[in-house]
Amino acid sequence: MTQAMLYAVFGIVLFGVGLFGALAIAHVMKKLLAINICGVGVFMVFIANASSGVAADYVPHAMVLTGIVVAVAGTAMALSLVVRINTLEQQEEDA
Amino acid sequence: MFNNLTLGRSAQHKADLPVGVLFMVALAIAAACLFLTMALIDFGPAEQPLVTLVASHLEQSGVENPVTAVLLNFRSYDTLLEVAVLLIVALAVMPANSEQSKVRFISVLVPTERSFVLEAFLRWLLPAIVVTSGYLLWTGAALPGGAFQAGALLAGAGILLLLAGHHSFNFNASAARLLLVVGLAVFLLVGAAVILSSGIALAYPQAWAGILILVIEVAATLTIAAILVLLFCALQVEAPRANYEGLIKEERP
Amino acid sequence: MPLSDVSSLLPLLVAIPLTGAIFSVLINSKHGQVLTGLLAALSLALVIGVILLGLPSDGLQSTAVFRYPIAGWEAPLGIALSLDGFSALLLTLTTFLVTVLTFYSAYYFSASPARVRFWPLWWLLVAGINALFLSADIFNVYVTLEIIGLAAVALVALSGNKAGLTAALRYLLVGLLGSLCYLMAVALLYHVYGTLDFAQLAAEAESNPLSWSALVLITVGLVLKTALVPLHFWLPHAHGSAPAPVSAILSALVVKASFYLLVRFWMEILAPAVTNGALILLGILGGLAILWGCIQALRATRLKLMVAYSTVAQIGYLFLLFPLLMSAEGTSAAQLAVQHQSALAAVSYFIVAHACAKAAMFIAAGNIIHSLGHDDIAKLQGMAKYMPLSLFTFAIAGGSLIGLPPSAGFIAKWLLLNVAIDTQQWWWVVIILTGGLLAALAIFRVLDLAFIKSEQASEQVAPAHWRKVPVAMPLSGLALALCTMALGFNADLIIDLITIGGGE
Amino acid sequence: MTGSELVIDLLLGCGTVVTAVLCLTAKDMFQAILLFISMGLLVTLAWVRLGAWDVAIAEAAIGAGLTGALLIATRRQLNC
């Protein structure tokens, strides 16, 4: 068991935990947390595999950087939708 | 699984599926993960041909940090599209009120409640943050760091400024909209302009690669910082807007 | 670098919509944004026209694939754009629909404050779709998938009401999860084969556990995005509550984009890892989708929801492609290649026919909502008198969806039936015909109501809150509907295009 | 790989997974967010261990920091 392999396995476990959470939890913000955890798992598989050779492979590093930014973009969009829905719900309650 | 989304005031992890189904899902995911793990361990480590390719072309890329070389030269197209992704999110969360496009981008206002600790802190911290983000951007060429890290840091400064309550941002202002697209626009312009010399989009001439990458990165940093601050503003709908209305009356002569 | 041929034009297909988006952000005025939109659509049409003229016209003999190495780096170091017959067809379809829908949106959003954000998002979505069809790099595809997904969600959320926002949120969560499954597969494929390029992967791919895992992850992720039964739950509300031009492009192109990728992976990139059992499984899900979508369309009470459920059914037809790719015992490689060609041609035809018909239908439904303020099917009685063009459009497009001759839908189904019979899979014939029948029931239910004359003469007055729509709005829908007819007469055009670069 | 390095990696990996599970099972939303941020910081350390310095900086700034800030801002809006 090399270091790279170890982290790859942890990555897969995180992916599984996140996937299950995203399917099983109804609360939106926690669903979102689960999706983010799922993403971290994928990134970990990328980075772990990148370090499995003799020299580090920088292409997966670049891909993960892109992935992190895309993930935060998606999260921000979802959160803004949550806030807008919540505002509408509160207006309904007030009315 | 997705039909029952609760915004819920309580964070209870109430499932909308029967326990039996959940158990099956858990079992399926566990089995799939196990299979994947076995397959990955079975395959073992791999030597990637790209390692040597990146190393041997690094000199032609115009930067010394291999990650920056991949992001802004070898696979710059990905990064271009990524800036577009950020623009989409910015547009999606932008306050819908387009009538405010005449109001200035940054306005000074009198805070409703002052936090002297934060203010004193900010006076020292803000310049430091700006300098550090510039440094991160500059070193991105050789060391870890780059547009995204620098942009995030700069955005942190903006958010602190917002929290201190002395300033507010209006992202419908023309200056703000320019800031939101400048990263994508400069990236596209540079990508198109280099066709004149190399014949291929985004293929920088080797002598100019370093400076062109820096130009793109500076523009991208500004856009990223602006978009991140916008994201933060968008989630704080009520709080700033309350004293925002008062501000417009005061500001206008 | 010899890039004097059509491949030098490929980046323009992404750059033009991106430029359009930038200008629509900077120019806030109504006319400025519309003008930008029309200019962008026009230049896209021009570019795609030149590309089509530059394609080899020798049909079957040609195996040409055009490549453009962006930034001058060849794969695997860099990213390449590539174009073959299949992607050329889809790009042409995109350009055509986008041009019509841009024209329509100019009127649809003319009085709405949402236009300020609609136009930039619209062009970003188009850039994403074009980039996806052009991409030859599996990670780049992930980024384009995210552009499409996020832009589509933002456009659905433009409706601004609670139902629309909730549908958008659900769509977003599903999309993010689907993309992550896809990204995991990218990690595996890169680890195993050391490249991200379509062609290089296709050359090296073999059948091993990691390839299977990658194929399963890709399929789950993309099926989620394509909304195949049983993962279709997010589609009806997302497509049903978006503004009309957005619904049109979502149904016509966005779900097709992820389907296009599935075809790429199953037929080319990971073909060695595909088994007959997996092909049949996708086919069965497709069959279920046809029946389930049609039944739900019959039960729908809102017009747009009915059209959206019809999309669920039509996606099912697309997935019938997969079982038709199965190799029977004793078929030679050449025979199999021909079988694959004809199956792909049938499904491509289906994509085009459905895209035009569905866009026309959503436009018609949008006009009806614009006029009446609602789309309650039960209250449409006698409305043909007030909205003849929109309902006529609805009827023609419906005819194509049912598969009535001489529409494009008829040719598409006929081609599909032919392949099914050739490969002796007669059970698909039964499903295709049943689906047509059920679709006919759903569509005639609406037309029956709309064209019927009300019994009481007193009801012959215009309904309350009735608003006249600019004539350009129903006309653009009618143009699309008539296209499905025109395509019915010119089937060869599409079938010739699809064979370019398709040599296996 | 020496024994002590293996222990560090094991601890980091297990810590990440445990924090993730705790985050998803936490009763309180604020607690869940804090656990998510701590998971981000643990992952940052993992990236450092794997030699991915660029990714580590980005994860700390964007993955843990910014996402955390956005989540907390949303939670304040929702009062949950």
Side-chain angles (χ1 to χ4, degrees), chain A residues 1-4 6-7 9-11 13-14 16-18 20-22 24-25 27-34 36-41 43-44 46-52 56 58 60-69 71-73 75-76 78-80 82-87 89-90, chain D residues 1-2 5-6 8-10 12-27 29-30 32-33 35-37 39-40 42-44 46-80:
Chain A
M1 197 71 144
T2 61
Q3 185 195 31
L6 191 72
Y7 278 108
V9 172
F10 280 124
V13 173
L14 280 177
V17 168
F20 178 71
I25 302 173
H27 191 276
V28 178
M29 278 181 80
K30 292 192 103 184
K31 235 185 180 51
L32 216 52
L33 287 180
N36 269 297
I37 289 171
C38 201
V40 168
F43 300 151
M44 200 172 263
F46 262 110
I47 302 283
N49 285 343
S51 69
S52 73
Y58 293 105
H61 292 191
M63 291 196 272
V64 169
L65 277 178
T66 309
I68 288 177
V69 175
V72 79
T75 308
L79 289 177
S80 85
V82 168
V83 168
R84 283 171 69 189
I85 294 172
N86 184 58
T87 316
E89 268 181 4
Q90 275 177 347
Chain D
M1 180 162 44
T2 64
E5 280 184 333
L6 184 72
I8 294 176
D9 288 332
L10 262 177
L12 259 183
C14 289
T16 314
V17 172
V18 169
T19 337
V21 172
L22 284 178
C23 162
L24 291 184
T25 49
K27 286 272 185 291
M29 197 61 223
F30 191 63
I33 295 173
L35 282 163
F36 179 78
I37 296 173
M39 189 200 75
L42 283 176
V43 172
T44 306
W47 298 156
V48 173
R49 290 281 306 141
L50 287 165
W53 286 91
D54 284 89
V55 183
I57 296 177
E59 175 73 39
I62 302 173
L66 184 76
T67 312
L70 294 177
L71 284 166
I72 290 176
T74 311
R75 193 198 73 97
R76 201 187 295 155
Q77 290 287 318
L78 260 62
N79 297 318
C80 66

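Reminder, nothing fancy here: chain letters follow the sequence lines and each chain counts from 1. Since the model is a prediction, treat every value here as computed from it, not as a measurement.
When all heavy atoms of G63(D) and I68(A) are compared, the closest pair comes out as N-CG2, 4.2 Å. The two residues L14(A) and A20(D) make their nearest non-hydrogen contact at CD2-CB, 3.7 Å. In terms of heavy-atom proximity, G21(A) sits nearest to L24(D) at CA-CD1, 4.1 Å.
Of the two parts of V64(A), only the side chain, counted from C-beta on, holds a non-hydrogen atom closer than 4.5 Å to a non-hydrogen atom of chain D. Using a 4.5 Å cut-off between heavy atoms, F43(A) touches chain D through backbone and side chain atoms alike. A71(A) does not touch chain D: none of its heavy atoms, backbone or side chain, sits under 4.5 Å away. Residue A56(A) does not touch chain D at all, counting heavy-atom pairs closer than 4.5 Å. Neither the backbone nor the side chain of L35(D) comes within less than 4.5 Å of any heavy atom in chain A.
Partners of T67(D) according to the side-chain hydrogen bond (donor to acceptor under 3.5 Å, both in side chains) rule, which considers only residues two or more places apart in sequence or in another chain, do not exist here. Among residues two or more places apart in sequence or in another chain, the side-chain hydrogen bond (donor to acceptor under 3.5 Å, both in side chains) test is passed with Y58(A) by none.
In this structure, CD on Q3(A) lies 5.0 Å from CG on L50(D), to the nearest 0.5 angstrom. To the nearest 0.5 angstrom, L78(D) atom CG is 8.5 Å from E89(A) atom CD. With rounding to the nearest 0.5 angstrom, the CD atom of E5(D) is 12.0 Å from the CG atom of L6(A). With rounding to the nearest 0.5 Å, the separation of CD1 in I47(A) from CZ in R49(D) is 14.5 Å.
Using a 4.5 Å cut-off on side-chain heavy atoms (C-beta onward), L33(A) and M29(D) make contact. A heavy-atom distance below 4.5 Å is found between the side chains of Y7(A) and D9(D). Two residues are said to be in side-chain contact when any heavy atoms from C-beta on lie closer than 4.5 Å; L10(D) and F10(A) meet this criterion. Side-chain contact between Q77(D) and V82(A): absent, with no pair of heavy atoms (C-beta onward) separated by less than 4.5 Å. Between I37(A) and F36(D) there is a side-chain heavy-atom pair separated by less than 4.5 Å. Side chains of T75(A) and L70(D) form no contact here, defined as non-hydrogen atoms less than 4.5 Å apart. For the pair H61(A) and W47(D), the minimum side-chain heavy-atom distance is 4.5 Å or more.
Without hydrogens or angle criteria, K30(A) side chain to A26(D) main chain gives a donor-acceptor distance under 3.5 Å.
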